[in-house]
Number of protein chains: 2
Amino acid sequence: MPEVKSSVSGGGERASGYWYGPDGSDASAVDVLNLLRRYREAETAMRGRVRGDMGMGEKDIVALRYLLEARTRNAVLRQKDLAARLDITNASASSLVDRLVRHGFARRVPHPGDRRSVAVEATDQGDREVRETLRNMHDRMYQVVNEMSPDERATVAAFLSAMTRSLTDRCPE
Amino acid sequence: MPEVKSSVSGGGERASGYWYGPDGSDASAVDVLNLLRRYREAETAMRGRVRGDMGMGEKDIVALRYLLEARTRNAVLRQKDLAARLDITNASASSLVDRLVRHGFARRVPHPGDRRSVAVEATDQGDREVRETLRNMHDRMYQVVNEMSPDERATVAAFLSAMTRSLTDRCPE
DNA sequence: GTTTCATTGTTAGGTTGTCTAACTATTAAT
DNA sequence: ATTAATAGTTAGACAACCTAACAATGAAAC
């Protein structure tokens, strides 16, 4: 059974500020949106801490995680791929990889089969550092979800999908 | 009943990449985490679009939203307050307000009762612009949550609270 | 009331991370 | 063989943050 305690139906704290219902408005709906915002803020803060701890920028960390994920799949990532996934230019990706290499988190290796390209690999150090930094957090998150019932997971999944669609469906006009 | 369709129990698309279960691992739990990540990415992308549309930086928009929220409460925000909420220095807040003023989104007014402080107010133009830009999106999000059952809202609220705790409980170590 | 310390905001100068534009090296197409 | 497209690098500009030093006001001590 999920150990998660609802802070809406159950607990006290009312997610404060920011959202305020369009009209008369069901308070608990607003609460949910405020909680979503809170989660976002917590994640942003966490990224800030990690950034501080590892002395890296925002995208550098995301890039490193892509590299690690690729490594587990024995896949090869080029700078181009990083640029695409991070939505930055090739030029920026180039200096991003410069930074990763300078810090010892990644390595440039010749790309097999296309001599224009440079394959980028995470180093063991990068692997270690990221895992150590994020492992516990990931474990906690996984555990929370794992302890939920299938129905609850379906509800949450539907919620997240719908929220994502709300954001994706082109916001202004 | 909620019109939201679960993409886990229901639909096809399997939230791809990134998360991969610690061990053997219940796939749908991983799906939920991937959906959470997707939501994050969608929100980041949305902010990017808004930023582009309005020609402002990330924090500028958040600041403007704080100002608008304060306005609806007839509250007075000082630059200090903005700096605190945005986690930037007073110096940065100063130039942030410079930018808002330059773009016509905010106004510096003498603070009633403390001549050191400068109160910052959103202008009507700032109000209009933000509302027009974000209104539809907010409405869509609100609608989704409003159409959920109380039980579903409680489940989602518990999930978000637990995820936030997972992030907040100090990540490394 | 004057001296002293704390608070708020500004300015100057530096760093970082992005961008565009111009260039090289390789690959693919005609 | 020439031409066009792709991958990466470099140089230079810009935006937004930072720290440090400063001015002005407020509060507290004496």
Side-chain angles (χ1 to χ4, degrees), chain A residues 44-45 47-67 70 75-103 105-121, chain B residues 44-45 47-67 70 75-103 105-121:
Chain A
T44 301
R47 281 169 192 268
R49 286 198 304 270
V50 171
R51 210 182 48 175
D53 290 349
M54 299 184 57
M56 308 169 70
E58 185 85 14
K59 308 224 174 190
D60 301 54
I61 290 174
V62 179
L64 187 46
R65 302 200 354 186
Y66 281 133
L67 291 178
V76 175
L77 280 189
R78 299 162 299 167
Q79 293 191 180
K80 186 77 191 301
D81 301 320
L82 285 179
R85 293 215 207 180
L86 297 169
D87 197 32
I88 58 178
T89 61
N90 287 353
S92 300
S94 189
S95 59
L96 184 153
V97 173
D98 281 348
R99 292 194 296 273
L100 290 181
V101 169
R102 200 181 324 124
H103 287 79
F105 294 135
R107 187 174 33 235
R108 279 187 173 92
V109 298
H111 189 285
D114 187 343
R115 269 176 298 184
R116 287 172 304 182
S117 298
V118 177
V120 185
E121 281 180 357
Chain B
T44 300
R47 280 170 193 268
R49 287 198 301 269
V50 171
R51 208 182 50 175
D53 288 349
M54 298 183 57
M56 308 169 69
E58 184 84 15
K59 309 224 174 194
D60 301 53
I61 290 175
V62 179
L64 187 46
R65 299 191 6 177
Y66 281 133
L67 291 178
V76 175
L77 280 188
R78 300 162 300 166
Q79 293 191 178
K80 186 78 193 300
D81 302 319
L82 285 178
R85 293 216 208 179
L86 298 170
D87 197 32
I88 57 179
T89 61
N90 286 352
S92 300
S94 190
S95 58
L96 184 153
V97 174
D98 280 348
R99 290 194 297 273
L100 289 182
V101 170
R102 201 180 322 126
H103 286 80
F105 295 136
R107 186 173 36 235
R108 281 188 174 91
V109 298
H111 188 284
D114 188 344
R115 269 175 298 182
R116 287 173 304 182
S117 298
V118 178
V120 185
E121 281 180 357

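Everything quoted here is computed from the prediction, not taken from an experiment. Chain naming here is simple, since letters A, B, ... match the order of the sequence lines and numbering starts at 1 in each.
Counting heavy atoms from C-beta outward, B:V118 and B:V97 have side chains that stay 4.5 Å or more apart. By the 4.5 Å heavy-atom criterion applied to side chains, A:R85 and A:V62 are not counted as neighbours. In this structure, B:L64 and B:M56 have side chains that are in contact, with non-hydrogen atoms separated by less than 4.5 Å.
A sub-4.0 Å separation between OP1 or OP2 of C:dT8 and a side-chain N or O of B:R78 is present. Between A:R115 and D:dA7, a side-chain N or O to OP1/OP2 separation shorter than 4.0 Å is absent. A close approach under 4.0 Å does not occur between any side-chain nitrogen or oxygen of A:S94 and OP1 or OP2 of D:dG8. Contact annotation: A:R102 does not reach the phosphate of C:dT16 (side-chain N/O to OP1 or OP2, under 4.0 Å). The side chain of B:R99 contributes an N or O atom lying less than 4.0 Å from OP1 or OP2 of D:dA16. A sub-4.0 Å separation between OP1 or OP2 of D:dA16 and a side-chain N or O of B:S95 is absent. Between B:S92 and D:dA16 there is no side-chain polar atom (N or O) within less than 4.0 angstrom of OP1 or OP2.
Residue A:R108 is classed as a sugar-phosphate contact, given heavy-atom separations below 4.0 Å to backbone atoms only. Across all strands, B:A93 comes closer than 4.0 Å to no nucleic acid atom at all (heavy-atom distances).
Comparing C:dT20, C:dT8, D:dA20 by their nearest atom to the side chain of B:R116 picks out C:dT8. Here C:dT8 is the nucleotide among C:dT8, D:dT10, D:dC17 with the atom lying nearest to any side-chain atom of B:S117. Nearest nucleotide to the B:K80 side chain, out of C:dT8, D:dC17, C:dC19: C:dT8. Side-chain proximity of B:D114 to the nucleotides D:dG26, D:dC17, D:dT9 is greatest for D:dG26.
In this structure, A:L96 atom CG and D:dT9 atom P are separated by 12 Å, rounded to whole Å. Rounded to an integer number of Å, the gap from CD1 of A:I88 to P of C:dG17 is 11 Å. Remark: P of C:dC19 and CG of A:L86 are 10 Å apart, rounded to the nearest angstrom. What separates CD1 of A:I61 from C1' of C:dG17 is a distance of 14 Å, to the nearest Å. Straight-line distance from the CE atom of A:M56 to the P atom of D:dC17: 21 Å, rounded to whole Å. The separation between B:H103 atom NE2 and D:dA15 atom C1' is 11 Å, rounded to whole Å. Atom CG in B:N90 sits about 16 Å away from atom P in C:dA6, given to the nearest Å. In this structure, A:H111 places its NE2 atom 10 Å from P of D:dA7, rounding to the nearest Å.
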Give the intermediate values and the outcome of side chain to side chain contact (heavy atoms under 4.5 Å, CB included) for residues B:L67 and B:E121.
CA-CA 6 Å; B:L67 291 178; B:E121 281 180 357; over 6 Å; no
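Taken to the nearest 0.5 Å, the OG atom of B:S92 stands 12.0 Å off from the CG atom of B:L82. Here the CD atom belonging to B:Q79 is positioned 11.5 Å from the NE2 atom belonging to B:H111, to the nearest 0.5 angstrom.
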